[in-house]
Amino acid sequence: MISFNYETTFNLESETKVSNWIKATITAEGYKLEEINYIFCDDDYLHKLNMEFLQHDTLTDIISFDYTMGKLIQGDIYISIERVKDNAKDFNVSLKEELHRVIIHGVLHYCGYKDKTDTDAALMREKENHYIAQMA
């Protein structure tokens, strides 16, 4: 089950289409979906979580809490719409593309992909681009 929750005025276009895309990504990666909760929020909301749970005094676009057990995907993904909008401008891409990137980024973490090293980050970006192209 995938649920979309809103702690801001933002609303996702076509929840069903996005949900089906996420499920297809999980299946393609050899995992099974149990439950993912997406929480769309603002910078203040996500900054508080970043401080409380990660002790990071920075703004971020996404924080994911991974409860995956083996190949069964579970987690909570918090996304700051303010950060996504700013990043879309900075990277000169549409809001929709940047939003899809962070949505699938969290899922790819659940599927075992990392992004702390340059090599891992390059593979993560390749996977993001692959799945974003499928959503278009």
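Side chains are part of it too, since the values below use all heavy atoms of this structure and drop only hydrogens, waters and symmetry mates.
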> Do you know the tightest heavy-atom contact between Gly75 and Tyr67?
Replying inline: CA-CD1, 3.6 Å

> What are the two closest heavy atoms between Phe10 and Tyr6, and how far apart are they?
Replying inline: O-CD2, 3.0 Å

> Which atoms form the tightest heavy-atom contact between Tyr31 and Tyr110, and what is the distance?
Replying inline: CE2-O, 4.1 Å

> Should Lys85 and Glu98 count as side-chain neighbours, where that means a heavy-atom distance under 4.5 Å?
Replying inline: no

> Leu108 and Asp115: side-chain contact (heavy atoms from CB on, under 4.5 Å), yes or no, with the steps?
Replying inline: CA-CA 10 Å; Leu108 290 170; Asp115 57 6; over 6 Å; no

> Which value, rounded to the nearest 0.5 Å, describes the distance between Ile77 atom CD1 and Asn5 atom CG?
Replying inline: 11.5 Å

> Do you see a donor-acceptor pair shorter than 3.5 Å between the side chains of His130 and Gln134?
Replying inline: yes

> With hydrophobic residues grouped by side-chain heavy-atom distances under 4.5 Å, do Leu72 and Ile36 end up in a single group?
Replying inline: no

> Would you say the side chains of Ser64 and Asp66 form a donor-acceptor pair under 3.5 Å?
Replying inline: no

> Do the ring planes of Phe65 and Phe53 sit parallel (below 30°), tilted (30 to 60°) or perpendicular (above 60°)?
Replying inline: perpendicular

> Are the side chains of Glu29 and Val107 in touch, meaning some heavy atoms are under 4.5 Å apart?
Replying inline: no

> Are the side chains of Ile39 and Ile79 in touch, meaning some heavy atoms are under 4.5 Å apart?
Replying inline: no

> Is the shortest heavy-atom distance from the side chain of Asn11 to the side chain of Phe40 under 4.5 Å?
Replying inline: no

> Does a side chain donor of either Glu7 or Tyr78 reach within less than 3.5 Å of an acceptor in the other side chain?
Replying inline: no

>> Walk me through whether Ile26 and Lys32 qualify under side-chain contact (heavy atoms from CB on, under 4.5 Å).
In response: CA-CA 6 Å; Ile26 290 168; Lys32 184 177 177 192; 5.6 Å; no

> Linking I/L/V/M/F/W/Y whenever their side-chain heavy atoms sit closer than 4.5 Å, directly or via other members, would Phe91 and Tyr131 fall into one cluster?
Replying inline: no

> How about Ile103 and Trp21: do any of their side-chain heavy atoms sit closer than 4.5 Å?
Replying inline: yes

> Can you name the one residue among Val93, Asn129, Ile62 that meets side chain to side chain contact (heavy atoms under 4.5 Å, CB included) with Arg101?
Replying inline: Asn129

> Is there side-chain contact between His100 and Met135, with at least one heavy-atom pair below 4.5 Å?
Replying inline: yes

>> As an exercise, state the distance from CG of Leu33 to NZ of Lys71, rounded to the nearest 0.5 Å.
In response: 14.5 Å

>> If you define the side chain from C-beta out and look only at heavy atoms, does anything of Asp57 sit under 4.5 Å from Met51?
In response: yes

>> Testing the basics here: between Ala88 and Ser94, what is the closest heavy-atom pair and its distance to 0.1 Å?
In response: CB-O, 3.8 Å

> Hey, what do you get for OH (Tyr113) to CG (Asp120), rounding to the nearest 0.5 Å?
Replying inline: 11.0 Å

>> Under a 3.5 Å cutoff, is there a donor and acceptor pairing between the side chains of His105 and Asp61?
In response: no

> Within a strict 4.5 Å, meaning less than it, do heavy atoms of the Met124 and Lys114 side chains meet?
Replying inline: no

> Checking salt bridge (Lys or Arg N to Asp or Glu O under 4.0 Å) against Arg83, which of Asp90, Asp44, Asp43 comes through?
Replying inline: Asp43

>> Looking only at the side chains, is there a donor atom on one of Tyr38 and Asp76 sitting less than 3.5 Å from an acceptor on the other?
In response: no

> Is it the case that Glu82 and Tyr45 place a side-chain donor and acceptor less than 3.5 Å from each other?
Replying inline: no

> Is it true that the side chains of Asp42 and His47 contain a donor and an acceptor less than 3.5 Å apart?
Replying inline: no

>> If you compare all heavy atoms of Thr60 against all heavy atoms of Leu46, which two are closest, and at what distance to 0.1 Å?
In response: O-CD2, 3.2 Å

>> I need the Leu12 CG to Lys96 NZ distance, nearest 0.5 Å.
In response: 9.5 Å

> Got a second to check how far Thr25's OG1 is from Ile132's CD1, nearest 0.5 Å?
Replying inline: 10.0 Å

> Backbone N or O of Ser3 within a donor-acceptor pair of the Asn37 side chain at under 3.5 Å?
Replying inline: no

>> side-chain contact (heavy atoms from CB on, under 4.5 Å), that's the test. Do Leu99 and Ile81 meet it? Break it down for me.
In response: CA-CA 8 Å; Leu99 183 59; Ile81 295 303; 4.1 Å; yes

